[in-house]
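Submitted below is the structure of interest, expressed as structure tokens.
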Amino acid sequence: MENFRKVRTSEEESPLPFPDLPPGVVEMKVKEGSKIRNLMSFAMAQMELKGSRQIVFSGCGRAVTKTITCVEIMKRKLGGLHQVTKVRYKTLLEVWENQDPPPGSAAQNLTVHKNVPSICILLSRDPLDPNQTGYQPPEPSQPGEDPSSSSAKGQKRPPPPPCEELLPKKLQGAGPGSSPWGLGDRDSQLEGHH
């Protein structure tokens with residue numbers, strides 16, 4: 001394969017694995033090189049500004065983890081979303097061109113069919129059938145939290161305690177020169193014996 005160069009990759013088109021989708025549902029096709037910021041700004045605009053009730057995120061191969069990340073961000077930002085996840089395999093067609101054909105013959109192409117994992121995730125503001133495979137209910141909101149506000153979500157963790165609090169009690173307050181192993185001020189004792 002060292003004389004071959006990949007010239008094209010295409011996906012076999014297949015319908016979404018959600019039979020009862022209303023027409024016009026936005027499908028976010030996540031690719032390996034997609035920028036999460038770009039995907040999320042478009043998807044959030046669809047759900048918040050355009051009032052979409054459902055959205056589908058799909059990705060295959062190396063884009064599967066990025067697809068899941070986008071879904072988790074949207075669930076955290078919007079809250080109250082029902083989810084159905086479907087995992088399957090998709091066939092990618094890769095066309096490779098011979099860079100060094102034998103003298104006197106035309107360049108040959110090689111087509112490779114690759115089966116790669118694929119994920120499709122449906123997020124919905126409206127309830128979905130909880131008995132279907134891959135269903136996840138919305139995450140319950142915290143007690144006392146208004147589910148429509150996301151103010152408690154996305155906040156930073158409290159800062160870690162000062163380093164002194166991380167030390168065991170008997171080491172706290174040990175001044176400079178004292179050893180945590182109970183050796184006293186041995187280093188300063190050794191300094192005089194050079």
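Along the sequence shown, the residues carry numbers beginning at 1. Just so it is clear, the values below take in all heavy atoms, side chains as well, and ignore hydrogens, waters and symmetry mates.
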Under the side-chain contact (heavy atoms from CB on, under 4.5 Å) rule, collect the residues that match up with Lys66, sequence neighbours excluded. Val30, Ser34, Ile36
Is there side-chain contact between Thr111 and His113, with heavy atoms separated by less than 4.5 Å? yes
Could you check whether Glu72 pairs with Lys77 (Lys NZ or Arg NE/NH1/NH2 to Asp/Glu carboxylate O, under 4.0 Å)? no
Tell me whether Lys114 is salt-bridged to Glu94, with the criterion being a basic N under 4.0 Å from an acidic carboxylate O.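 A salt bridge is present here (some side-chain N lies under 4.0 Å from a carboxylate O).
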Is there a side-chain contact between Val116 and Tyr89, using heavy atoms and a 4.5 Å cut-off? no
Under 3.5 Å, side-chain donor or acceptor atoms of residues 54-61 against the rest of the protein: list the pairs with distances, not counting sequence neighbours.
residue	atom	partner	partner atom	Å
Gln54	NE2	Ser124	OG	3.2
Ser58	OG	Glu27	OE2	2.7

Please examine the side chains of Lys75 and Gln136, heavy atoms only from C-beta on, and report whether any two atoms are closer than 4.5 Å.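 Counting from C-beta outward, Gln136 and Lys75 do come under 4.5 Å.
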Could you tell me whether the side chain of Arg125 and the main chain of Met47 form a donor-acceptor pair under 3.5 Å?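 Checked: pair present.
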Answer whether the closest heavy-atom distance between the side chains of Gln99 and Phe4 falls below 4.5 Å.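 SC-SC contact between Gln99 and Phe4 ruled out.
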Stepwise, does the side-chain contact (heavy atoms from CB on, under 4.5 Å) test hold for Glu97 with Val95? CA-CA 7 Å; Glu97 182 180 77; Val95 178; over 6 Å; no
Cys70 versus Met28: any side-chain heavy-atom pair under 4.5 Å? no
Hey, is Lys29 close enough to Glu13 for a salt bridge, meaning N to O under 4.0 Å?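 Result for this pair is yes, salt bridge flagged.
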Flag yes if more than 12 heavy atoms outside Asp20 fall under 6.0 Å of its CG atom; otherwise flag no.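 Open.
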For atom CZ of Arg53, is the number of surrounding heavy atoms from other residues, nucleotides or ligands below 6.0 Å larger than 12? yes
Interatomic distance, OH@Tyr135 vs CG@Leu128, rounded to 0.5 Å, equals 6.0 Å
If you take all heavy atoms of Pro17 and Pro19, which pair is closest and at what distance? O-CD, 3.6 Å
Mind checking whether Trp96 and Val7 have side chains closer than 4.5 Å, heavy atoms only?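 No, too far: nothing below the 4.5 Å cut-off.
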Please check if atom CZ in Arg62 has more than 12 non-hydrogen atoms from other residues, nucleotides or ligands closer than 6.0 Å.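 For Arg62, atom CZ is not crowded (no more than 12 foreign heavy atoms under 6.0 Å).
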Is any side-chain heavy atom of His82 closer than 4.5 Å to one of Leu123?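 Counting from C-beta outward, Leu123 and His82 never come under 4.5 Å.
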side-chain hydrogen bond (donor to acceptor under 3.5 Å, both in side chains) assessment of Ser14 paired with Glu12: CA-CA 6 Å; Ser14 54; Glu12 231 176 44; over 6 Å; no
Quick check: does any side chain N or O of Ser118 sit under 3.5 Å from a backbone N or O of Lys90, one acting as donor and the other as acceptor?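 A pair under 3.5 Å: no.
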Between Asn98 and Asn109, is there a side-chain heavy-atom distance shorter than 4.5 Å? no
Rounded to the nearest 0.5 Å, how far does OG1 of Thr69 lie from CE of Met40? 10.0 Å
Distance (rounded to the nearest 0.5 Å) between Thr9 OG1 and Leu92 CG: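 These two atoms lie 7.0 Å from each other.
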